[in-house]
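Everything on this sheet refers to the single structure shown next.
The chains referred to below are lettered A, B, ... by the order of the sequence lines, with proteins before strands, and numbering in each begins at 1. Values below: all heavy atoms of this structure, side chains included; hydrogens, waters and symmetry mates excluded.
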Number of protein chains: 2
Amino acid sequence: MKVNGAPLKQGMLPGLLGYRLRLAQQAVFRDFSASVAEISPGRFGILLLIDANPGVTQSRLAQAVSLERSTMVGVLHALQGSGLVERRRGTDRRTNGLWLTPRGHALMARLKRRIQAHERRVASRLSAAEREQLLGLLGKLTG
Amino acid sequence: MKVNGAPLKQGMLPGLLGYRLRLAQQAVFRDFSASVAEISPGRFGILLLIDANPGVTQSRLAQAVSLERSTMVGVLHALQGSGLVERRRGTDRRTNGLWLTPRGHALMARLKRRIQAHERRVASRLSAAEREQLLGLLGKLTG
DNA sequence: TATTGTTATACTCTATAACTATA
DNA sequence: TATAGTTATAGAGTATAACAATA
């Protein structure tokens, strides 16, 4: 049997926006992982950007998600290896343009539905107005 | 010279709480790192909990910050190596109690002031009421 | 000269499984 | 038997520096 005693005192932690944001984000990501087992939130974002911007180059994509060019190489290699993404050499022959494969499109169609369900579940403790308020305050914070 | 063309289309991303939380958290952590170069947000949280709960055991601390016992070992080893934390064997001789060293206390005194400044800077785009509202909504989300 | 993609390498943070000493 | 701390190991996820091809 386990006796845990009193909960720990938290000090100034609960008053820090960064701490509360981290807790909220962890909770949301936990739900994301539970509903979308086959991909991480970050990878989903990358597929979504390719979907919305067919032919985008690796560098522009990397910049959009705040990753280094060199980091993006490995990420795309894995997504290509999974048959989700295709790289085609551009007219500027230094660049690779990126597209979803048919399989990539099919996956995204499935995921988008499940992610909408995830979003409803995550926001279920908030009213529609509160959810909008939260999105607005987060946007204001980020600037 | 660099010509970047139009910004990427974002698709459903800006409507997802998880995405917006991640952006906000990244922005806040960037400011944290800039104002508190000598330690990460996570390590600060651990030192703060030891400060507020002198003698806490490794396992209880790990549980409080959602880390594995085995992960906490390395973290504490590093903090002890930096002369910030002391481990003392407990009456239950399986346990280690944790305390800040004088140096750890001194560091925390300095950091707390700088972190209050960081918090004011991060929240500077929000009114006091908006900051409270945001903390409240985050708490509601986390449940 | 500058940019794109690439490789090699390393660092941070974390988890799992198996071990030990104590209870 | 169960718990606390530990070790060995591995896996994400990321960055930096140097390079070749191309502009």
Side-chain angles (χ1 to χ4, degrees), chain A residues 1-5 8 18 22 25-26 29-30 32-33 36-47 50 55-82 85-99, chain B residues 1-5 18 22 25-26 29-30 32-33 36-47 50 53 55-82 85-99:
Chain A
M1 166 189 168
K2 191 168 54 174
V3 175
N4 255 340
L8 294 195
R22 184 163 63 110
Q25 203 213 3
Q26 280 175 343
F29 275 30
R30 215 165 15 246
F32 187 103
S33 299
V36 188
E38 57 263 76
I39 206 167
S40 71
R43 298 285 169 97
F44 172 75
I46 285 171
L47 290 179
I50 296 174
V56 64
T57 65
Q58 300 189 188
S59 283
R60 289 235 297 150
L61 182 58
Q63 194 190 6
V65 297
S66 300
L67 288 183
E68 285 298 312
R69 264 163 34 241
S70 60
T71 303
M72 190 55 78
V73 172
V75 173
L76 292 172
H77 189 76
L79 292 173
Q80 193 172 32
S82 307
V85 166
E86 187 191 357
R87 287 192 248 213
R88 282 186 230 150
R89 172 167 260 194
T91 343
D92 176 341
R93 304 211 332 281
R94 292 171 302 185
T95 65
N96 288 336
L98 302 170
W99 282 265
Chain B
M1 168 189 168
K2 190 168 55 174
V3 175
N4 255 340
R22 186 164 60 110
Q25 205 212 2
Q26 281 175 344
F29 276 28
R30 216 168 13 249
F32 186 103
S33 300
V36 189
E38 55 264 78
I39 206 166
S40 72
R43 298 286 170 97
F44 172 76
I46 285 171
L47 289 180
I50 296 174
N53 304 274
V56 65
T57 65
Q58 300 189 187
S59 283
R60 290 235 298 149
L61 182 58
Q63 194 190 7
V65 297
S66 299
L67 288 183
E68 286 298 313
R69 263 162 37 240
S70 59
T71 303
M72 189 55 78
V73 172
V75 173
L76 291 172
H77 189 75
L79 292 174
Q80 194 172 30
S82 306
V85 166
E86 187 191 357
R87 287 192 247 213
R88 282 187 230 150
R89 172 166 260 194
T91 344
D92 177 341
R93 305 216 324 287
R94 293 172 303 185
T95 65
N96 288 336
L98 302 169
W99 282 267

Inset, instruction - For B:Leu67 and C:dT12, give me the distance from atom CG to atom P, rounded to whole Å. - result: 16 Å
Inset, instruction - Go through the N and O atoms of the side chain of A:Ser70 and the base of D:dA15, and report whether any donor-acceptor pair is under 3.5 Å. - result: no
Inset, instruction - Mind calculating the distance between CD (B:Gln80) and P (D:dT6) to the nearest angstrom? - result: 9 Å
Inset, instruction - Could you state the atom-to-atom distance from CD of B:Glu68 to C1' of D:dA12 in whole Å? - result: 16 Å
Legend entry - Heavy-atom pair with the smallest gap, counting every atom of B:Met72 and B:Gln58: CG-O, 4.0 Å
Inset, instruction - Please determine, for the side chain of A:Asp92, which listed nucleotide (D:dA23, D:dT16, D:dG5) has the closest atom? - result: D:dA23
Legend entry - Pairwise 5' ranking along DNA chain D for B:Thr95 and A:Arg43, keeping only the more 5' one: B:Thr95
Inset, instruction - Please confirm whether any donor atom in the side chain of A:Thr71 sits under 3.5 Å from an acceptor in the base of D:dA15, or the reverse. - result: yes
Inset, instruction - Rounded off to whole Å, could you give me the CZ-to-P distance for the A:Arg94 and C:dT4 pair? - result: 6 Å
Legend entry - Separation of D:dA20 C1' from A:Arg69 CZ (nearest whole Å): 13 Å
Legend entry - Contact nearer the 5' end of DNA chain C, comparing A:Gly74 with A:Gln26: A:Gly74
Inset, instruction - Could you check how far CG of B:Leu61 sits from P of D:dT3, rounded to whole Å? - result: 19 Å
Inset, instruction - Please determine if a side-chain N or O atom of B:Arg93 lies less than 4.0 Å away from the OP1 or OP2 oxygen of D:dA4. - result: no
Inset, instruction - Take the protein atom CZ of B:Arg87 and the nucleotide atom P of D:dG5, then report the distance between them rounded to whole Å. - result: 9 Å
Legend entry - Nearest-angstrom distance from the residue atom CZ of B:Arg60 to P of D:dT3: 15 Å
Inset, instruction - State, to 0.1 Å, how close A:Leu8 and B:Val56 come at their nearest heavy-atom pair, and which atoms those are. - result: CD2-CG2, 3.7 Å
Legend entry - Over all atoms of both residues, closest heavy-atom pair of A:Arg89 and A:Arg93: NE-O, 3.3 Å
